[in-house]
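Presented below is the structure to which this report refers.
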Amino acid sequence: MINKTDLIFRQSKDGIEPFSIVDKSAKSKNIKDVIPKHLLRNYKPQLPEVSESQVVRHYTNLSIKNHHVDKNFYPLGSCTMKYNPKINDSVALQTGFANVHPNQDDLTTQGVIKVYYDLEKSLCELTGMSRTTLQPSAGSQGELVGLLLMKKYHEKQKNNKEYVVIPETAHGTNPASVIMAGYKVKQVKSNSRGRVDIEHLKEIVNENVAGMMLTQPNTLGLFEDQISDIISIIHNFDGLMYMDGANLNAIVGIAKPALMGFDIMHINLHKTFSTPHGGGGPGAGPVAVNEKLVDYLPCPMPEFDQKNNKYFFNYSMPDTIGRVHSYNGNFGILVRALTYITILGKDGLKKVAQLAVLNANYLKEILSEYYDIPNAEGSLHEFVISAVKQKDKGLKALDIGKSLLDYGFHAPTIYFPINIPESIMIEPTETESKQTLDSFAEAMIQINNCINSKLDYLKNSPYNTPVRRLDETTANRNLDVNYSNEKK
Ligand SMILES: *Cc1c(COP(=O)(O)O)cnc(C)c1O
């Protein structure tokens, strides 16, 4: 019997072939005529021999083993796992976009360069920045690019700088990028309102500070309302302000980071602008800058020559930090983002932010009756539960996350941000219906209410997933990627 979860190689049987309309005898004769004898292999390729239906079922079954945003709710805090409208894919898959080659002559790719040009214009309009590079593949790569721009700026100013300030709530990629760019990290504390502690910031900022990276709104889902003070403190020492824009969906269409005083920011197209996300596929993390940094942006930049009515890439950028991606970035992702922006328009994008905030606050209000939510005042698009009450009764944030899997939901982000004990970070996003939010809230409430009666059961969850609870320490230290049916 073929087990539907079995490896496709184990399903293989000699002689099974998918349906084919090619005359096999003619085809094989033909190939042998064309390929020189010494290049023909004398053994069969190591491919499974299976029928078309086996292949289709195999991949369909694989596609639903893991959780994904097309399957069910994905409230992963910070990550903005919103539904990706399928029209984005249809547009990106049009042959003019999908089959274009980056080495084609500009004259044959005018529409393609226009996509770069228009997307850059839209992102500049939404952020208030002067120019935007579309090359970086992810937010984290955008961070590194932003810091290299910061470094170039200080080199040009002949500034001698050593440190970049980041808050203790920062995403882990922030300190990593600081180190990769050759700076050192200075950490600023949070105050009791969950925002940057201004007094502490004043203490640690001096002429050695190259700049500050700040997530706005921050990773507790709170708007840094003293942003003008923060930015003057940094600018006073000719430091630059970097905005981690991963949470842009909370303010898109409503507030422009450049007007707050930020000099540089990245935008995660796969978060805010709804391009596919997760699973290791391509993303895009454009970096937008103000006038101070335009000359240093990665090369080339898309331009429009009005006189000759022609789009082109400008390579003559003497002060550029250089290329940060082969060719011009992950084009398919850029097409999807431009499609999303064009369809929604200004008003639609503003509604994105409003609904993202409404959905998060709706869930927060329901759950606050059962879970502690510190710094709950002023939440925007996400909020952070502190499951200390539940932990005291024996159920940790990790157990709550695992229990949610049995309800068919993805677990929220847990143990981040690190300044909240037993943190559970929830971002519903604007694409979810009230029914979905209600059923998620119901699951969270049931888990809380069952702690006393079903503690052992909950601590051993999940039960309905392809794999049960893994020993995560062993999995990390002794990675075993050999599949075996015998092992469980
Ligand atoms: C997701 C995220 C990043 C990193 O972005 P990637 O596109 O995943 O590399 C950085 N900061 C914050 C706050 C994030 O949520």
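Whatever order the structure lists ligands and atoms in, that order sets their numbers, starting from 1. Keep in mind that this is a model prediction, so the values were computed, not measured. We're numbering straight along the sequence, starting at 1.
Numbered from 1 in the order shown, with element, the atoms of ligand 1 that lie under 4.0 Å from a heavy atom of Ser140 read 4 (C), 5 (O), 6 (P), 9 (O). The atoms of ligand 1 that sit less than 4.0 Å from any heavy atom of Ser78 are 13 (C), 14 (C), 15 (O). Below 4.0 Å from some heavy atom of Gly139 lie the following atoms of ligand 1, by number and element: 5 (O), 6 (P), 7 (O), 9 (O). Close approach of ligand 1 to Lys271 is summarised as follows: ligand atoms under 4.0 Å from at least one heavy atom of the residue are 1 (C), 2 (C), 3 (C), 5 (O), 14 (C), 15 (O). Every atom of ligand 1 with a heavy atom of Ala138 under 4.0 Å away is listed here by number and element: 7 (O), 9 (O).
Closest protein heavy atom to atom 11 (N) of ligand 1: Asp244 OD2, 2.5 Å.
For the residue pair Thr60 / Ser63, no side-chain donor-acceptor distance below 3.5 Å is found, with atom types taken as modelled. Side-chain contact, Gln104 with Thr109: no donor N or O sits under 3.5 Å from an acceptor N or O.
Residue-to-ligand polar distances place Asn268 within reach of ligand 1: an N/O pair is separated by less than 3.5 Å. At under 3.5 Å, not a single nitrogen or oxygen of Thr219, backbone or side chain, sits near a nitrogen or oxygen of ligand 1.
The side-chain tip of Lys364 does not point at the ring of Phe383 from less than 6.0 angstrom away and within 45° of straight on. Relative to the ring axis of Tyr183, Lys151 places its NZ or CZ within 45° and under 6.0 Å from the centre.
The closest approach between a heavy atom of Gln141 and any atom of ligand 1 is not below 4.0 Å.
By the 4.5 Å heavy-atom criterion applied to side chains, Asn268 and His266 are counted as neighbours. Put simply, the side chain of Leu458 does not reach to within 4.5 Å of the side chain of Asp399, judged on heavy atoms.
Aromatic pair Phe331/Tyr116: centroids less than 6.0 angstrom apart.
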